[in-house]
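Each remark here refers to the structure printed beneath this line.
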Amino acid sequence: MLRRIVSRLATGALTLLLVTLLVFGLIQLAPGDPMAVQDDGMERLSAADRAALEAYYGFDRPVAVQYASWLGRLLRGDLGNSIRDRRPVAEKIGERLSVTLSLNAMALFLIVTLSVPIGAAAALNPGSVADRWSATATYLLYAVPIFWAALLLQRLFAVRLGWLPLYGSGGVTGIPRVANMVLPVICLTYGGLAYVSRFVRANLLESTRFETILSARARGMTRFAILVRHGFRLAAVPMLTLAGFLIPALFAGSVIVETVFQLPGLGWLFIDAAYQRDLPVLLGVTLISGAAALAGILFADVTYALADPRVRRG
Amino acid sequence: MKLAQRLSWVLALVCLTAFCASTETPSNDGPRVVRMHISQDPASLSLIGKTDLNSEIFGMRLTDALVQYDEKLTIRPLLAESWEFSEADKTITFRLRDNVRWHDGEPVTSADVVFTINKLREPETENLPWAPALDKLVKLENPDERTVIATYSEIKPDALDAWRTPILPEHVAGQDEDLFNGRFVEHPIGCGPFKFVHYIRGQEIVMEANDDYWGGRPAIDRLELKIFADQQTAYQAMMTGDLHIMVMAANLWEQARESERAAAFEFTSFKRYSVYILGWNQNNNPFFGDPRVRRAMVLALDRESFIENVAGGMAHVGATTFPPSSDWVAPDVEPYGYDPDESRRLLTEAGWVDSDGDGVREKDGLRLAFTLMVPKSSQQLTSWIADWEQQSWLDIGADVSVEQLEWQTLRERRKDRDFHVLAQTLQFTNPDMFDLYHSTATDRYNFWGNDDPEIDRLLHAVRYTFDPDRRLAEMHRAQRWLHEQEPVTAVFFFDAPLIYDKRLRGVRPSPLGYAASIHGPRDWRWSDDAG
């Protein structure tokens with residue numbers, strides 16, 4: 001078991017490394033550089049000043065050397081400084097982490113707690129009206145673009161009714177307030193419902209086909225009781241995996257949600273850094289979100305192994 | 001059932017907390033607050049480091065410069081009560097105002113000015129608005145506490161523009177080893193009409209009135225710069241009263257005008273010195289070396305009707321790149337009107353004739369087929385203009401394809417002179433158009449390869465003539481010549497749609513923005529009589 005975790009960690013680290021290398025390479029290929037972005041095409045920077053700045057940031061060195069030096073600093077625990085405002089990347093990520101984490105944790109929690117009953121209800125009577133309606137409804141939601149839903153929700157709840165704040169995290173400390181998170185969390189949640197509830201339904205149906213379930217039926221248990229006592233136990237394992245895989249998808253969604261709702265989180269930081277060609281910040285956020293995604297998958301993997309002896313041995 | 005029950009409890013609880021937490025409403029009695037829009041976090045609160053538009057807006061409130069523009073972009077005294085040019089010695093001598101104090105009570109002296117300018121000119125400070133314009137500065141002295149003498153290697157009347165840089169307190173900012181991460185950026189202090197209170201990144205910068213401001217305490221108590229990257233969200237914030245003033249995209253401005261809250265707002269627009277140009281590449285193509293072809297292209301555009309029907313009236317036609325609403329414009333230089341017949345005649349005269357009847361003109365076996373390069377923009381208007389130009393030029397026998405490029409890509413293509421016609425917007429703060437047209441400015445903004453001894457002479461005169469009347473006469477001459485040669489077409493000068501709370505008084509926009517002049521928030525006040 002330990003060996004399994006160690007090998008997973010090693011591949012995880014390798015994956016992260018490759019991802020940062022990819023981001024590094026893509027930024028080299030993208031037109032423009034941070035100085036050009038700041039100049040906004042007005043050509044105010046003289047050739048001499050430009051050369052001085054390139055040397056200051058180390059852009060005059062070969063790309064491989066630049067990457068190696070970033071890697072070297074990383075090993076010493078230094079993510080470098082942002083090019084946009086020269087503040088330490090770690091500090092910039094730190095002050096925005098809580099928003100993204102709470103946003104994603106709430107959304108993940110809601111997706112799972114809502115999808116399980118929806119999926120279970122559908123699995124109870126496959127092909128029934130309830131099954132078909134829940135499928136249609138969740139798929140329709142899945143098709144609604146986040147920015148559009150955000151706009152409608154803002155108009156209704158913040159502008160017309162005035163019940164919820166329109167934007168911002170509401171706090172001075174960086175910890176977002178619950179009221180400020182309601183609309184963003186809804187936006188991040190509804191799209192995941194279709195996927196997860198259908199997944200729950202499929203797994204429940206699959207797992208209730210086993211002989212144990214048949215015998216349980218023979219003992220006179222109702223379909224509902226079987227679902228709860230046996231079905232969920234068997235379906236829990238694949239669902240854990242799915243929850244792990246949801247993390248990267250949620251992060252991608254939170255980029256849009258954070259921008260529309262003006263939530264100072266990692267997604268917004270990432271988008272800004274991309275526009276500014278702020279490589280150290282891009283690499284830092286990639287590293288953190290990549291590590292979170294890999295941790296999610298690792299967690300799913302380990303719990304899977306703990307729950308299912310066959311996987312552990314395999 | 002139990003699960004569903006538990007779930008509904010959780011949901012109810014979430015909703016309840018949400019409602020409890022959102023009962024806060026803005027009150028009318030408390031301090032007089034104005035909340036204005038900025039589009040992004042300033043790059044830094046250091047005022048001079050990596051200064052961008054938003055740090056400029058913040059800096060102008062926090063601290064004063066020696067001089068500043070008024071709403072007509074005329075330079076006015078601020079920290080400097082007077083100044084004197086010496087053409088012979090190539091110097092500007094500033095006399096500082098007496099008895100001006102920093103927000104912590106220390107006096108403002110000439111040493112602060114010298115410190116700021118020296119810091120600003122370090123390459124690592126990466127100051128783009130002012131440092132490049134100070135590159136001819138060779139010596140800076142402060143013989144006494146209230147005098148600053150700047151010596152240049154070459155001096156020009158617009159040299160004062162760069163002295164709009166905000167002045168920093170040496171006794172605070174000078175203590176920091178790193179301008180971007182020191183004590184000063186954590187809590188910047190200045191000598192301006194507003195004091196720094198706090199900054200929440202991505203949300204707001206809050207400032208309060210400076211009771212001891214030398215120019216008199218502002219009428220409002222608090223100024224909040226609210227950061228909204230998204231125009232839609234900012235629009236909604238206007239509707240809920242979370243914002244009091246902003247420049248809005250034209251379509252949202254129209255939408256606000258038709259909304260039920262419209263009565264609460266003042267809708268206006270202001271003329272900017274911001275122009276949508278077409279730059280005709282005269283070098284690496286066979287089309288635009290001939291001024292007749294360039295003029296023919298302009299005559300094919302029905303600009304008045306486009307402004308009326310598509311741009312919602314929010315623009316006006318330019319004759320040259322000299323802004324029509326400025327004092328620099330030559331009254332006798334009229335913009336080209338819409339005259340497709342004259343346009344066709346000019347093309348024929350220049351040798352471009354449709355000999356094979358396919359609707360596209362040719363000359364020496366070459367078709368009049370070229371590419372219009374435009375930047376990608378979220379503004380729909382940009383692509384509407386491009387479509388309209390394409391269609392208009394087709395009508396006079398030119399086959400035009402439109403190429404929309406991301407701004408950084410476009411920049412590189414422009415630098416490599418890899419284009420036929422380039423559309424983009426430009427902004428001016430002074431009448432010096434040397435970099436745009438002078439034959440030696442190919443490493444600056446003369447991407448079109450304009451090379452004309454007459455225009456070189458005129459631009460030089462405008463740049464270095466101190467006598468205002470003679471300078472204006474040279475400007476007018478330059479405009480006449482530019483209008484005839486048409487190296488760059490000033491298609492439209494855009495107006496900025498402004499919306500603000502009806503009760504707000506004293507808003508005086510300048511061509512650079514509603515908070516970009518010596519006026520702005522320090523002159524704003526609330527009036528309650530306009531319900």
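Below, read A as the first sequence line, B as the second, and so on, with proteins coming before strands; counting in each chain starts at 1. The analysis underlying the following values was restricted to heavy atoms, covering all of them including side chains, and did not include hydrogens, waters or symmetry mates.
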Look up atom [atom1] in [X] and atom [atom2] in [Y], then write down how far apart they are to the nearest 0.5 Å.
X: Asp435(B); Y: Arg44(A); atom1: CG; atom2: CZ; answer: 12.0 Å
X: Tyr167(A); Y: Leu243(B); atom1: OH; atom2: CG; answer: 6.5 Å
X: Arg86(A); Y: Leu179(B); atom1: CZ; atom2: CG; answer: 8.5 Å
X: Lys92(A); Y: Arg201(B); atom1: NZ; atom2: CZ; answer: 8.0 Å
X: Thr51(B); Y: Gln38(A); atom1: OG1; atom2: CD; answer: 8.0 Å
X: Met35(A); Y: Leu128(B); atom1: CE; atom2: CG; answer: 10.5 Å

Please name the pair of heavy atoms, one in [X] and one in [Y], separated by the smallest distance, quoted to 0.1 Å.
X: Thr259(A); Y: Asp230(B); value: O-CB, 4.2 Å
X: Gly32(A); Y: Glu412(B); value: N-OE2, 3.6 Å
X: Pro31(A); Y: Thr409(B); value: CG-OG1, 3.2 Å
X: Gln408(B); Y: Ala36(A); value: OE1-CB, 3.7 Å
X: Trp268(A); Y: Ala229(B); value: CZ2-CB, 4.1 Å
X: Asn181(B); Y: Pro88(A); value: OD1-CD, 3.6 Å

Would you mind checking which part of [X] comes under 4.5 Å of any heavy atom in chain A, side chain (CB onward), backbone (N, CA, C, O), both or neither?
X: Arg261(B); result: neither
X: Asp41(B); result: both
X: Phe228(B); result: both
X: Pro42(B); result: backbone
X: Tyr199(B); result: neither

Contact winner vs chain B - [options], heavy-atom pairs under 4.5 Å:
options: Gln154(A), Arg155(A), Arg96(A); answer: Arg155(A)
options: Glu91(A), Arg277(A), Met181(A); answer: Arg277(A)
options: Ile83(A), Leu263(A), Asp49(A); answer: Ile83(A)

Considering only heavy atoms from C-beta outward, does the side chain of [X] approach that of [Y] to under 4.5 Å?
X: Arg84(A); Y: Lys50(B); value: no
X: Leu151(A); Y: Gln236(B); value: yes
X: Val185(B); Y: Arg87(A); value: no

Residue [X] versus chain B: region with a heavy atom under 4.5 Å:
X: Leu45(A); answer: both
X: Phe147(A); answer: neither
X: Ala120(A); answer: neither

Within a radius of less than 6.0 Å around CD of Gln28(A), do more than 12 heavy atoms belonging to other residues, nucleotides or ligands occur?
yes

Is there a salt bridge (charged side-chain N to carboxylate O under 4.0 Å, His left out) between Arg411(B) and Glu43(A) once you walk through the steps?
CA-CA 10 Å; Arg411(B) 247 194 90 250; Glu43(A) 315 297 332; 3.4 Å; yes

Do side-chain atoms of Thr233(B) reach the backbone of Val260(A) as a donor and acceptor pair under 3.5 angstrom?
yes

Does the Gln203(B) side chain pair with the main chain of Gln262(A), one donor and one acceptor, at a distance under 3.5 Å?
yes

Report the option among Gln424(B), Glu406(B), Glu204(B), Glu260(B) that has the most heavy-atom pairs separated by less than 4.5 Å from atoms of chain A.
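Most heavy-atom pairs within the cutoff with chain A belong to Glu406(B).
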
